[in-house]
K.L.:
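Structure below; questions to follow.
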Amino acid sequence: MSAILQLKGVTRRYSGLVAVSDVSFDIEQGSITALIGPNGAGKTTTFGMIAGAISPSAGSIHYEGVRIDGVAPERLCAMGIARTFQIVRPLQGMSVIDNVMIGALNRTSNLKIARSNALDLLDRVGLGTKAFEMASNLTLPDRKLLETAKALATGPKLLMLDEVMAGLRPAEADRVMDVLSAVRAEGVTILLIEHVMRVVMAIAQHVIVLNHGELIARGTPSAIVTHPRVIESYLGTKAIHP
Amino acid sequence: MSRQWWAALVFVAALALLPLGASDYLLSALTLVFIAALVGIAWNLMMGFAGQLSLGHALYFGVGAYTVAILAERYGVTPWIGMGIAFAAGAAIALLIGALGFRFAVRGVYFALLTIAFAEFGRIVFEHWSFVGGTGGFYLKALSATNVPLISLRGGARFNYYALLVTLTFAWWLSVAVVRSAIGYRWRAIRDDEDAARALGVPAFRLKLLAVALSGGLTAIAGGWSGLIGGSLFPDSVLGMRLSIDFIVAPIVGGIGTLFGPILGAFIVVPLNEWSRELAQAAGINGLNLLIYGVLLMAVIIVAPQGGWPWIARRLGLVERVPCRPGEQARNGVAIAASDSTTGDTHGQTSGRTQGQTPSRAQGQTSDRATQ
């Protein structure tokens, strides 16, 4: 399989603080990859750099063979990269369906088509009954679902999800996982940041682990959970807790 | 045709028939209302829909006024063409300011400051520019006996009234068409959260430029009419800071981000302004009109924080109810009532626009802002 996304030596510094340091990895076309790591590991920063919200201080990012670091987010979205925000960002002055329509307008300028696409997607993620509410009236779990629906509506080839399962009830998380599996079956590549290990174990083929801005391990989920450096990064060493 | 279109049609028809029985004084006053409404619509496109605050709209207004007047007076260019050139000039200046501001990510109040700076810069340039008459002003010659209003676009009260009514109707129709198109949807996304909108593929830079250009151009046309009607132009009176503030009161009173709000606002604010000024003069109390102005604004904030139009439209039943799928209405009501109290706000981004909505309102509001 070919790589849809390649990071080479990607680094991001914030005046002295190195948030992401020399991270390199490939994402295979059509796969589901999970990006995990403790808080502050640099996951969201890495996401931001891929999605064009943040420019890397060093290194390069290639998407479908084209170098994309520094390209504006709206251009990347048009090229097929969609992302959600960890801190959800509903368009508060608009209804739920209008929020999703904004994403759908990335692919069509026909409002009727965008509207029906948006409705379909809302049904799919389980927000269909709330389509005509104001986005500002949604509960946090519903806002997470809305983030996912908005990103899906843009018709991505690479879907990047930042902790969309956090705070969802197990039944809701299962529903989103079903959607993601279906989306993947349609050929969409998925990269997700996730803390819910049940989700990671269930749907990811590859796991990339970051800690203190560095890539410390990568592999299959089952290999990762027994990886000594991963356990160390989450639980500390025996030297600290003898 | 929807109920809203019928309401709009009846409204325009009533205004069109009004001159049959109205005095010239009333027509002149209403012409001022139309000009204020026209600028209000233009300003509202930029602020209410694309979310870019301008406090310097007098610049476009003044440039439009001088452009049309000077072309007509010095070069004999008919205002038919002059208006087009004024639109282009207003749009070009707006594009320049917008491009500078947006290119360097000047946002929110800082962008507003930039618009003030450019407007004041424009006023000072005109005050020291002898070609346009400087502080002494620029005057149009009195109308000759052979004047043909349809060529010179200058005429009596009745001509001005109809000219502005037609211009206003056209501008309003244009704003409805744009706001209800994909452009309008994307503008509102930018207004609510520009970064999130860009992540969804909204080309924010280009769309914001479109908003400021359209707004600047329409405002310049309003200025052009104002110059033709008034006949005399002074930098302070058509480019001054005071004017920039006056312009935004009407759309705020009528309802920011609504299509009809700026028109309603102009119908409230302009007559009130005239009346209070006369009252202040009669009573011999300086500044009484400003006091009344202030009290009105406070009243609007208290009674209808989202402006007068949403408040009235609800009572007239003109709010477009988005069809829910069968059986959803009841559930939605319950769900909203429940989530209203529990959601709170998760990350401090409480938007002033969304507060204070009662549950029953929020429900039918999918495109309220766009459709009113």
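Everything numeric in this text was worked out from a predicted model, so none of it was measured. Computed from heavy atoms alone, side chains included, the values below leave out hydrogens, waters and symmetry copies.
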K.L.:
How long is the straight-line distance from CZ of B/Arg191 back to CE of A/Met94, given to the nearest 0.5 Å?
P.N.:
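Those atoms lie 7.5 Å apart.
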
K.L.:
Determine whether more than 12 heavy atoms belonging to other residues, nucleotides or ligands lie under 6.0 Å from atom OH of A/Tyr14.
P.N.:
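Enclosed.
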
K.L.:
As an exercise: rank A/Arg107, A/Arg75, A/Glu147, A/Met101 by heavy-atom pairs under 4.5 Å with chain B and give me the winner.
P.N.:
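Max contact count across the listed options: A/Met101.
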
K.L.:
Ignoring hydrogens, what is the shortest heavy-atom contact between B/Ala182 and A/Leu105? Give both atom names and the distance.
P.N.:
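Heavy atoms only, the tightest pair is CB-CD2, 3.9 Å.
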
K.L.:
For chain A, find its close neighbours in residues 195-210 of chain B: heavy-atom separation under 4.5 Å, sorted by number, or none.
P.N.:
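Against chain A, the residues of residues 195-210 of chain B that fall inside the cut-off (heavy atoms, under 4.5 Å) are B/Asp195, B/Ala196, B/Arg198, B/Ala199, B/Leu200, B/Gly201, B/Val202, B/Pro203, B/Ala204.
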
K.L.:
Where on A/Ile102 is there a heavy atom nearer than 4.5 Å to chain B: the side chain, the backbone, both, or neither?
P.N.:
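The answer is both parts of A/Ile102.
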
K.L.:
With chain A as the partner chain, list the residues of residues 95-103 of chain B whose heavy atoms fall under 4.5 Å from it, by residue number, and write 'none' if nothing qualifies.
P.N.:
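If one takes a 4.5 Å heavy-atom cut-off, no residue of residues 95-103 of chain B lies near chain A.
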
K.L.:
Top residue by heavy-atom pair count (under 4.5 Å) with chain B, among A/Thr108, A/Val96, A/Leu91, A/Thr84?
P.N.:
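Of the options given, most contacts go to A/Leu91.
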
K.L.:
Ignoring hydrogens and geometry, is there a side-chain-to-backbone donor-acceptor pair from B/Asp193 to A/Arg89 under 3.5 Å?
P.N.:
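Side chain of B/Asp193 to backbone of A/Arg89: no pair is present.
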
K.L.:
Checking heavy atoms, do the side chain of A/Ala72, its backbone, both or neither come under 4.5 Å from chain B?
P.N.:
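For A/Ala72, backbone and side chain are both near chain B.
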
